[in-house]
Chemist: 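Submitted below is the structure of interest, expressed as structure tokens.
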Amino acid sequence: MLLRLPNVVARRMFIILVLMVIVGLFYIYSSENKYHSCFMESQVLATQQALTADGETNLLDDVLQADPKPSPGNSIFFHETSCRLSENRQLETLKVTARQACAIESAAMHNPNFQVFVLFAGPTYRISNNNSHPQPLVEAILSYSNVHLRRLNLESYASGTPMEEWLKDGRLSRSKYLFSHISDFLRYLTLYRYGGLYLDMDVVVLRNMEKVPPNYTGAESNTHLAAGVMNLAATGFGHEIAASCLRDFQHNFNGEDWGNNGPGVITRVAQKICGTKDIALMQEDSKRCMGFKVFGRGAFYAVPWKRWRDFFEPEKLEQTMARCKDSYVVHVWNKHSSKLPIKQGSKNAYALYAEQNCPRSYKAAGEYF
């Protein structure tokens, strides 16, 4: 015979259950509100905050509206997905870090026939609030005529694409890794919209990539491809791959897993295209992947993330330079290395790469890079 719980115990359990529901709803609301504040209010904020004395908006131009627009298949894209609102919900001044500027400049310098678009997710001022000159690092990258700074609105950017309805269901806004997963979302959406070359903001481009045939990515390990350097053609097979990436993103999205929605997407899509999970086989058999090229680690990730310090240690200079001698791009793993400053004139691989491949940004950075 089952014993009936005393009323006091039942009441306590009920109260605990109610509190758990309240906490859960508060978490969901907080996540959605943070998401909305950072990325979904650009139209309102543009009206309320960004008008200059002559009635012109001081926001960056919208990538969907401004000219020049990205040239399908012949553009390079970077995304900046940090929150651009201050604590009092005011728009922040347009800024880039020295290392972001280096990535942008190196891409523009080595690929003069490609247009380089830096897309800021959300409302961002063109220049500082007091109408002074732009940040020196911004001036450095804008000294290249093929660099364009643009903003995007997530809802507008997804409109008319396979991601339009999916974005509205709120799964992205509840992600545990909100900014990283918005970055993942945007890289595949941008490649679907325009094709071209997507690059992470923590790379240094070392050589021209304009003649590399489209439809490629790079291996990061023996088990996974990486999503930090990806190129897809704007039409045909490349566009089909981009569409497959969006479908995989929707079907397998996991807001609790940092890497599932970025490198996980291109890895799973490539496995289907190539008919194998063997990364080495993808690289060795060019016909297997039907024209989709999987570069070996040396092309973009010659120094693995576990050895990121090699870029910063003087005693590893020659070894690191030799390791990357055939690389198109070096990836310096900002997630791990961002807190380690480099003093101007340092004798390490990253400082040397910056001095050679983004000289204007390196100089504009000041004492520390």
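Every value quoted in this text rests on a predicted model; they were computed, and no experiment measured them.
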Chemist: Can you confirm whether Leu137 sits close enough to Thr97 that some side-chain heavy atom of one is under 4.5 Å from a side-chain heavy atom of the other?
Modeler: no

Chemist: What residues, two or more places apart in sequence or in another chain, satisfy ring pair (Phe, Tyr, Trp, His ring centres under 6.0 Å) together with Phe300?
Modeler: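 For Phe300, the residues satisfying ring pair (Phe, Tyr, Trp, His ring centres under 6.0 Å) (neighbours in sequence not counted) are Phe295.
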
Chemist: Any side-chain heavy atom of Asn74 within less than 4.5 Å of one from Asn113?
Modeler: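 No, their side chains stay 4.5 Å or more apart.
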
Chemist: Do the non-hydrogen side-chain atoms of Phe117 and Thr190 ever get within less than 4.5 Å of each other?
Modeler: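 Of all side-chain heavy-atom pairs linking Thr190 with Phe117, none is under 4.5 Å.
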
Chemist: Distance check, rounded to the nearest 0.5 Å: Asn146 atom CG versus Gln115 atom CD?
Modeler: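 Going from the CG atom of Asn146 to the CD atom of Gln115 covers 5.5 Å.
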
Chemist: With sequence neighbours left out, write down each residue that passes ring pair (Phe, Tyr, Trp, His ring centres under 6.0 Å) with His79, or none if nothing qualifies.
Modeler: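 With neighbours one apart ignored, the set is Tyr198.
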
Chemist: Step by step, work out the side chain to side chain contact (heavy atoms under 4.5 Å, CB included) result for Val204 and Phe311.
Modeler: CA-CA 12 Å; Val204 183; Phe311 284 115; over 6 Å; no

Chemist: Any side-chain donor paired with an acceptor under 3.5 Å for Tyr301 and Ser221?
Modeler: no

Chemist: Can Val329 and Met209 be said to form a side chain to side chain contact (heavy atoms under 4.5 Å, CB included), step by step?
Modeler: CA-CA 9 Å; Val329 168; Met209 301 180 72; 3.9 Å; yes

Chemist: Who are the side-chain contact (heavy atoms from CB on, under 4.5 Å) partners of Pro136, not counting sequence neighbours?
Modeler: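 If we apply the side-chain contact (heavy atoms from CB on, under 4.5 Å) test to Pro136, skipping adjacent residues, the hits are Ala364.
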
Chemist: Go through the steps to decide whether Leu149 and Val118 satisfy the test side chain to side chain contact (heavy atoms under 4.5 Å, CB included), and finish with yes or no.
Modeler: CA-CA 5 Å; Leu149 308 184; Val118 186; 3.7 Å; yes

Chemist: Hey, could you give me each pair passing side-chain hydrogen bond (donor to acceptor under 3.5 Å, both in side chains) that has a residue in residues 271-280? Not counting sequence neighbours.
Modeler: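 Pairs touching residues 271-280 that pass the test: none.
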
Chemist: Phe312 vs Trp308 aromatic rings, parallel, tilted or perpendicular, using cut-offs 30° and 60°?
Modeler: perpendicular

Chemist: Membership question, hydrophobic clusters at under 4.5 Å side-chain separation (ILVMFWY): are Met290 and Leu232 in the same one?
Modeler: yes

Chemist: Do other residues, nucleotides or ligands put more than 12 heavy atoms under 6.0 Å from the CH2 atom of Trp258?
Modeler: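 Open: at most 12 neighbouring heavy atoms sit under 6.0 Å from CH2 of Trp258.
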
Chemist: Indicate the atoms forming the closest heavy-atom contact of Pro263 with Ala227, along with that distance.
Modeler: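 It is N-CB, 3.8 Å.
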
Chemist: Checking Lys69 side chain against Gln65 main chain: does a donor-acceptor pair fall under 3.5 Å?
Modeler: yes

Chemist: Who pairs with Glu367 by salt bridge (charged side-chain N to carboxylate O under 4.0 Å, His left out), at least two apart in sequence or on another chain?
Modeler: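 Result, salt bridge (charged side-chain N to carboxylate O under 4.0 Å, His left out) vs Glu367: Lys343.
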
Chemist: Test of understanding: with side-chain contact (heavy atoms from CB on, under 4.5 Å), list the residues that count as partners of Asp202, not counting sequence neighbours.
Modeler: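 Once residues adjacent in sequence are excluded, the partners of Asp202 under the side-chain contact (heavy atoms from CB on, under 4.5 Å) criterion are Asp200, His331, Val332, Asn334.
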
Chemist: From Ser143 OG over to Glu105 CD, what is the distance, rounded to the nearest 0.5 angstrom?
Modeler: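 It is 6.5 Å, given to the nearest 0.5 Å.
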
Chemist: Does anything in residues 238-250 pair up under side-chain hydrogen bond (donor to acceptor under 3.5 Å, both in side chains), and if so which pairs, sequence neighbours excluded?
Modeler: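 The answer is Ser244-Arg247, Asp248-Asn252, Asp248-Arg268.
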
Chemist: Let me see the working for Gln135 and Leu94 under side chain to side chain contact (heavy atoms under 4.5 Å, CB included), right down to the final yes or no.
Modeler: CA-CA 8 Å; Gln135 178 193 22; Leu94 170 62; over 6 Å; no

Chemist: Following the transitive rule for hydrophobic clusters with a side-chain heavy-atom cut-off under 4.5 Å over Ile, Leu, Val, Met, Phe, Trp and Tyr, establish whether Leu352 and Phe369 coincide in one cluster.
Modeler: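 As far as the 4.5 Å side-chain criterion goes, Phe369 and Leu352 are connected within one cluster.
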
Chemist: Report yes or no: is the cationic atom of Arg360 (NZ for Lys, CZ for Arg) under 6.0 Å from the centre of the six-membered ring of Tyr144, at an angle within 45° of the ring normal?
Modeler: yes

Chemist: How far does NZ of Lys316 sit from CG of Asp310, to the nearest 0.5 angstrom?
Modeler: 4.0 Å

Chemist: Hey, quick one: are Val265 and Phe179 part of the same hydrophobic cluster, counting side-chain heavy atoms closer than 4.5 Å, chains of contacts allowed?
Modeler: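 Hydrophobic grouping puts Val265 with Phe179.
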
Chemist: Please identify each residue that fulfils side-chain contact (heavy atoms from CB on, under 4.5 Å) with Pro213, with sequence neighbours left out.
Modeler: none

Chemist: Is there side-chain contact between Leu152 and Leu186, with heavy atoms separated by less than 4.5 Å?
Modeler: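 Touching, per the 4.5 Å side-chain cut-off.
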
Chemist: Taking atom CD of Glu315 as the centre, does the number of heavy atoms from other residues, nucleotides or ligands within less than 6.0 Å exceed 12?
Modeler: yes

Chemist: How are the rings of Trp166 and Phe253 set to each other: parallel, tilted or perpendicular (split at 30° and 60°)?
Modeler: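 Ring orientation, 0 to 90° scale: perpendicular.
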
Chemist: Decide yes or no for Glu80 and Val96: does some side-chain heavy atom of the first lie under 4.5 Å from some side-chain heavy atom of the second?
Modeler: no

Chemist: Would you say that Leu167 contacts Phe185 through its side chain, given a criterion of any heavy-atom pair below 4.5 Å between the two side chains?
Modeler: yes

Chemist: Quick one: CG on Leu189 to OG1 on Thr161, what's the gap to the nearest 0.5 Å?
Modeler: 4.5 Å

Chemist: What is the distance from atom CD of Glu220 to atom CD1 of Ile266, rounded to the nearest 0.5 Å?
Modeler: 13.0 Å

Chemist: Hey, does the Lys NZ or Arg CZ of Arg207 hover above the aromatic six-ring of Tyr328, less than 6.0 Å from the centre and inside 45° of the axis?
Modeler: yes

Chemist: Mind checking side-chain contact (heavy atoms from CB on, under 4.5 Å) for Asp257 and listing every partner two or more places apart, or none if nothing turns up?
Modeler: Asn254, Asn260

Chemist: Do Met163 and Tyr192 have side-chain heavy atoms sitting under 4.5 Å apart?
Modeler: no

Chemist: Are Arg297 and Pro304 packed together at the side-chain level, in the sense that at least one heavy-atom pair is separated by less than 4.5 angstrom?
Modeler: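 No, their side chains stay 4.5 Å or more apart.
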
Chemist: Going by the side-chain hydrogen bond (donor to acceptor under 3.5 Å, both in side chains) test, which pairs reach into residues 345-354, not counting sequence neighbours?
Modeler: none

Chemist: In terms of hydrophobic clusters joined by side-chain contacts under 4.5 Å, are Leu64 and Ile182 together?
Modeler: yes

Chemist: If I take atom SG from residue Cys358 and atom CD1 from residue Ile141, how far apart are they, to the nearest 0.5 angstrom?
Modeler: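 Separation between the atoms: 11.0 Å.
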
Chemist: Sequence neighbours excluded, which residues qualify as side chain to side chain donor-acceptor pair (under 3.5 Å) partners of Arg171?
Modeler: Asp169

Chemist: Do side-chain atoms of Ser337 reach the backbone of Arg309 as a donor and acceptor pair under 3.5 angstrom?
Modeler: no

Chemist: Would you list the pairs meeting disulfide bond (SG atoms under 2.5 Å apart) in which at least one residue belongs to residues 189-288, sequence neighbours left out?
Modeler: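 For residues 189-288, and leaving out neighbouring residues, the disulfide bond (SG atoms under 2.5 Å apart) pairs sorted by first residue read Cys274-Cys289.
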
Chemist: Quick check: does any side chain N or O of Ser75 sit under 3.5 Å from a backbone N or O of Leu197, one acting as donor and the other as acceptor?
Modeler: no

